[in-house]
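Report on one structure; see the data block that follows.
So that the names make sense, note that chain A is the first sequence line, chain B the second, and so on, each numbered from 1. Predicted model, so just to flag it, every value in this text is computed and none were measured.
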2 protein chains.
Amino acid sequence: MKLSTKGRYAVMAMVDLASTSKGNPVALADIAERQEISLSYLEQLFAKLRRGGLVRSVRGPGGGYLLAHAVDQTRVSDIIVAVDEPIRATRCAPGSPTGCRVNKSRCLTHDLWEELGNQIHLYLSSVTLADVCARRVLGTSHVIDHPTEPAPADPSPMAAAE
Amino acid sequence: MKLSTKGRYAVMAMVDLASTSKGNPVALADIAERQEISLSYLEQLFAKLRRGGLVRSVRGPGGGYLLAHAVDQTRVSDIIVAVDEPIRATRCAPGSPTGCRVNKSRCLTHDLWEELGNQIHLYLSSVTLADVCARRVLGTSHVIDHPTEPAPADPSPMAAAE
DNA sequence: GAAAAACCCTAGCAGAATGCTAAGGAACTT
DNA sequence: AAGTTCCTTAGCATTCTGCTAGGGTTTTTC
């Protein structure tokens, strides 16, 4: 899982598609204009989304793209996974626990990143296109409990993910 | 907040420092060798960590770096925030809700990314250096509840965060 | 059946970021 | 004073991102 801007563009386009299409195909050119994304770039993204089974295409005049599933069945995590290249195993191997054993502490951090990936996926799996369209996204930030003492007061409020 | 490999290197180095130092300064050259990171690159990272108030430095022979706070007071989120440049506001402004109003649906996704950033920060704030050293990282993946129907069975298990 | 509208595919490219090297300096200890 | 370590800046090769260019293929409509 790679959290890049590419995934953000794909989600923006899918939200546009979901909120524009009432069962009719939506032309990429329309999405490109509304979202201010280059048409050719969009075409590349939708090619991946189609291979991932998230959208269906209709060719010819009056054609365009359709959601393959209902809006409440299309999860944000699926979009990002479909669009972003899976992995670039620079140092550690992705899934293998024996992959990185150069040093103990490196393996320790490996566990941390893996769990972080789980957390991110967990959250993005809980949000569907229907949620984003209906603005049902904010307001459920509650603390993830963890087997350690609670952290002190936050000295540096973080910048947003963008 | 930017989740890059730079932050991973910094966390690796800080874990090494935490587990090596018993109140004594640790030379960067030692960390560089153990973690197989270029010394000069490490120096750049630790300059940022020092400016962020996460480590103290001792110059001269026998010198090196010390944690500024106890291991259970140093959170992973602080390390990443200190090392990664804060933001590259390509399209949307980071905190301002009025920043991106080119289109309705773009603002909708903006909320999504902001909440995702909160979730990531929340998790990384809950993990301290002490947790990583003691391998108290895995095993607490529970579902984040969300005001939507539960997603169907997962068709595509995700690759890890690395 | 031709024209037009849309999807489809590949190659490549400018700019930025990443990870790193190089070089020199400043401060501290012995 | 000499050595060890931190500290800073400049620059560079590689990779990724976002995009352009240019060509298809399929389908509908006239």
> Atom CG of Leu129(A) and atom OG1 of Thr109(B): how far apart are they, to the nearest 0.5 Å?
Replying inline: 11.0 Å
>> Without decimals, in angstroms, what is the distance between Tyr41(B) OH and dC6(D) C1'?
In response: 19 Å
> Within the pair Arg50(B) and dT8(D), is there a side-chain N or O less than 4.0 Å away from OP1 or OP2?
Replying inline: yes
> For Ser38(B), which contact category applies under a 4.0 Å heavy-atom criterion: base, sugar-phosphate, or nothing?
Replying inline: base
>> Just verifying a value: how many Å separate Met12(B) CE and Arg34(B) CZ, rounded to the nearest 0.5 Å?
In response: 11.5 Å
> Would Gln119(A) and Ile120(B) count as a side-chain contact (heavy atoms from CB on, under 4.5 Å) if you check the C-alpha gap in whole Å, the side-chain angles of each, and the deciding distance to 0.1 Å?
Replying inline: CA-CA 8 Å; Gln119(A) 294 288 342; Ile120(B) 294 173; over 6 Å; no
Under 3.5 Å, which protein N or O atoms sit close to an N or O of nucleotides 26-30 of chain C? Give each pair with its distance.
from: dA26(C); atom 1: N3; to: Arg59(B); atom 2: NH2; distance (Å): 3.2
from: dA27(C); atom 1: O4'; to: Arg59(B); atom 2: NE; distance (Å): 3.2
from: dA27(C); atom 1: O4'; to: Arg59(B); atom 2: NH2; distance (Å): 3.4

> Between atom CG in Leu42(B) and atom P in dT8(D), what is the gap in whole Å?
Replying inline: 15 Å
> So, is Ser57(B) near the phosphate of dT5(D), with a side-chain N or O under 4.0 Å from OP1 or OP2?
Replying inline: no
>> Within the 3.5 Å criterion, strictly below it, is a donor on Asp131(A) or Thr128(A) matched to an acceptor on the partner's side chain?
In response: yes
>> Between P on dC7(C) and CG on Asp30(A), what's the gap in Å once rounded to a whole number?
In response: 9 Å
>> Which nucleotide wins on minimum distance to the side chain of Ala27(B), given the candidates dC8(C), dT5(D), dT9(D)?
In response: dT5(D)
> Nearest of dC19(D), dT8(D), dC6(D) to any side-chain atom of Tyr65(B)?
Replying inline: dC6(D)
> Any sub-3.5 Å donor-acceptor pair from Ser19(A)'s side-chain atoms to Asp16(A)'s backbone N or O?
Replying inline: yes
> Between atom CG in Leu45(B) and atom P in dT8(D), what is the gap in whole Å?
Replying inline: 14 Å
>> Using a heavy-atom cut-off of 4.0 Å across all strands, would you classify Val26(B) as base, sugar-phosphate, or nothing?
In response: sugar-phosphate
>> Rounding to an integer number of Å, can you tell me how far Asn24(B) CG sits from dT4(D) P?
In response: 19 Å
>> Any heavy-atom pair between the side chains of Leu17(A) and Val55(A) that's under 4.5 Å?
In response: yes
> Taking atom C1' of dT8(D) as reference, at what distance in whole Å does atom NZ of Lys48(B) sit?
Replying inline: 13 Å
>> Distance check, rounded to the nearest 0.5 Å: Ile79(B) atom CD1 versus Arg8(B) atom CZ?
In response: 14.0 Å
>> Please report the distance, rounded to the nearest Å, between CG in Leu39(A) and C1' in dG23(D).
In response: 14 Å
> Nearest of dC7(C), dC7(D), dC6(D) to any side-chain atom of Glu43(A)?
Replying inline: dC7(C)
>> Mind checking if Ser40(A) touches a base, just sugar-phosphate, or nothing, with heavy atoms under 4.0 Å?
In response: base
> Just how far, in rounded Å, is P of dA16(C) from NZ of Lys6(A)?
Replying inline: 19 Å
>> Given dC19(D), dC20(C), dC8(C), identify the nucleotide with an atom nearest to the side chain of Tyr9(B).
In response: dC20(C)
> Ignoring hydrogens and angles, are the base of dC9(C) and the side chain of Gln44(A) linked by a donor-acceptor pair under 3.5 Å?
Replying inline: no
>> Categorize Phe46(A) for me: base, sugar-phosphate, or nothing, with a 4.0 angstrom heavy-atom threshold over every strand shown.
In response: nothing
> Relative to the ring of Tyr41(A), is the ring of Tyr9(A) parallel (under 30°), tilted (30 to 60°) or perpendicular (over 60°)?
Replying inline: perpendicular
